[in-house]
Number of protein chains: 2
Amino acid sequence: MKIGQVSKKTDLPVQTIRYYETQNLIKSAGRTEGNFRVYDSKVIDQLEFIKHCRHLDLSLSDIKRINELRDNPNAVCEEVNELINDQVKMVKIKMKELRHLKTQLEALTDSCSNNQKVGDCGIIKSLQECDC
Amino acid sequence: MKIGQVSKKTDLPVQTIRYYETQNLIKSAGRTEGNFRVYDSKVIDQLEFIKHCRHLDLSLSDIKRINELRDNPNAVCEEVNELINDQVKMVKIKMKELRHLKTQLEALTDSCSNNQKVGDCGIIKSLQECDC
DNA sequence: TTTAATATCTATAGCCACTATAGAGTCAAG
DNA sequence: CTTGACTCTATAGTGGCTATAGATATTAAA
Ligand SMILES: [Zn+2]
Ligand SMILES: [Zn+2]
Ligand SMILES: [Zn+2]
Ligand SMILES: [Zn+2]
């Protein structure tokens, strides 16, 4: 299989697959005589795994770590657990920040009737005076 | 006032102030004979304005646009309004994504009892099989 | 068989909003 | 006069890609 076909099967851009190779998330592929990358079907699973991890917004270095752990199936999975728990924490923090942001932004929209002059616009005024 | 003092008053890193200058968010400052930037107190307000906009996660180009609009106090403020509304939309989208993420991550943590072997860990299995 | 289209290759730059570093110059206090 | 704090420019790094240029390889049609 060449990279274009891998790309179609995984729905990942060709560039991204090559990028993952440079980052050692997948092994360097073999090459044809003409220097084209050749893959066997295993890589599809590996890339799908990476994709799912990215869906969860895990960083590439986290994913690399998880892959390393997968290579030691007898190790205790505590570290995997911690990674996911940390991710949950991060998501919670981000959600909190976004809730705060939303409150502030909606207060801003309330302070403008949309047909004022810029000089009188409540949004602009609030941005000047905001004490956060 | 030199840049260090501006930095202290605004609590923005010196680098950031210089960066904002390169991005034309603030005008190029005057210079001393020794080529040090000199500011008058106006810049404090400008930087505070930028800071508050950044608190709302507005992009630097949005902020630049808002600054341009502020220079035309007689224009209608519709565009300011749109910028903020777009920002609210973005925040809502991100919140939705994060809620989805949180659900998935918490389902993952539930699928692992933390003391399994990596080979049996429900988290790893879920990441392999996930069909999202 | 020639040619044209498509696929692949590497290397490099761009995105965003900074942050960090190196190496040189400026200035004030002791 | 030296020390130290401050400032200057230029450059590279962050993360996770994405886009481009220019070269080479392969495939398909004419
Ligand atoms: Zn998935
Ligand atoms: Zn308004
Ligand atoms: Zn603020
Ligand atoms: Zn587990």
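This is a predicted model, so every value here is computed, not measured. In what follows, every chain begins at residue 1, and chains take the letters A, B, ... in the order their sequences are listed.
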Item to check | d(CG, D57(A); C1', dG15(D)) in whole Å | outcome: 11 Å

Next on the checklist: Let's go through E21(A) and R18(A) carefully: what are the C-alpha distance in whole Å and the side-chain angles of both, what is the deciding distance for salt bridge (charged side-chain N to carboxylate O under 4.0 Å, His left out) to 0.1 Å, and is it a yes or a no?
Outcome noted: CA-CA 5 Å; E21(A) 189 183 305; R18(A) 286 199 282 246; over 6 Å; no

Item to check | Rounded interatomic separation in angstrom, taking NZ from K51(A) and P from dG16(D) | outcome: 17 Å

Checklist entry - What are the residues of residues 22-38 of chain B, sorted by number, that bring a heavy atom to within less than 4.0 Å of DNA chain C? => result G34(B), F36(B)

Checklist entry - What parts of residues 7-21 of chain A reach DNA chain D, counting only heavy atoms under 4.0 Å away? => result P13(A), Q15(A), T16(A), Y19(A), Y20(A)

Checklist entry - Could you give the angle between the helix axes at the two ends of the helix from dT1(C)-dA30(D) to dG30(C)-dC1(D), with five pairs per end, rounded to 10 degrees? => result 30°

Checklist entry - How would you give the extent of chain B contacts on DNA chain C, as first and last nucleotide 5' to 3' within a 4.0 Å heavy-atom cut-off? => result dA17(C) to dC27(C)

Checklist outcome for this item: Residues pairing under salt bridge (Lys or Arg N to Asp or Glu O under 4.0 Å) where one sits in residues 58-67 of chain A, two or more places apart or in two chains, turn out to be R65(A)-E68(A), R65(A)-E79(A)

Item to check | Path from M90(B) to I66(B) over hydrophobic side-chain contacts below 4.5 Å | outcome: no

Checklist entry - Mind checking whether I50(A) and I44(A) sit in one hydrophobic cluster, side chains of I, L, V, M, F, W, Y counted as touching below 4.5 Å? => result yes

Checklist entry - Ignoring hydrogens and geometry, is there a side-chain-to-backbone donor-acceptor pair from R99(A) to T103(A) under 3.5 Å? => result no

Item to check | For I124(B) against V80(A), the heavy-atom pair lying closest together | outcome: CD1-CG2, 4.1 Å

Checklist entry - Within 45° of the ring axis of F49(B) and under 6.0 Å from its six-membered ring centre, is that where the NZ or CZ of R70(B) lies? => result yes

Next on the checklist: Does D11(A) have more than 12 heavy atoms from other residues, nucleotides or ligands lying within 6.0 Å of its CG?
Outcome noted: no

Checklist entry - Are the side chain of T10(B) and the backbone of E48(B) linked by a donor-acceptor contact shorter than 3.5 Å? => result no

Checklist entry - Is the count of non-hydrogen atoms from other residues, nucleotides or ligands lying under 6.0 Å from D40(B) atom CG greater than 12? => result yes

Checklist entry - Can you list, by residue number, the residues of residues 81-97 of chain B that have a non-hydrogen atom closer than 4.0 angstrom to DNA chain D? => result none

Item to check | Derivation and outcome, salt bridge (charged side-chain N to carboxylate O under 4.0 Å, His left out), residues K125(B) and E129(B) | outcome: CA-CA 6 Å; K125(B) 272 182 198 152; E129(B) 292 158 12; over 6 Å; no

Checklist entry - How close do Q87(A) and L56(A) get, heavy atom to heavy atom, and via which atoms? => result NE2-O, 3.1 Å

Checklist entry - Can you tell me if S126(B) uses its side chain to pair, donor with acceptor, with the backbone of G122(B) under 3.5 Å? => result yes

Checklist entry - Atom CD1 of I63(A) and atom C1' of dC17(D): how far apart are they, to the nearest Å? => result 13 Å

Item to check | Closest heavy-atom pair and its distance - L25(B), I63(B) | outcome: CD2-CG2, 3.7 Å

Checklist entry - Cluster question for you: counting only ILVMFWY and a side-chain heavy-atom cut-off of under 4.5 Å, with indirect links fine, are V76(A) and V118(B) together? => result no

Checklist entry - For L58(A) and dC17(D), what is the distance between atoms CG and P respectively, to the nearest whole Å? => result 12 Å

Checklist entry - Whole Å only: how far is the CG atom of L60(A) from the C1' atom of dT14(D)? => result 13 Å

Next on the checklist: Taking the nucleotide of DNA chain D with the nearest heavy atom to each, does S61(A) or K2(A) sit closer to the 5' end?
Outcome noted: S61(A)

Next on the checklist: Applying a strict under-4.5 Å side-chain criterion to I, L, V, M, F, W and Y, I'd like to know whether L105(A) and M95(A) cluster together.
Outcome noted: yes

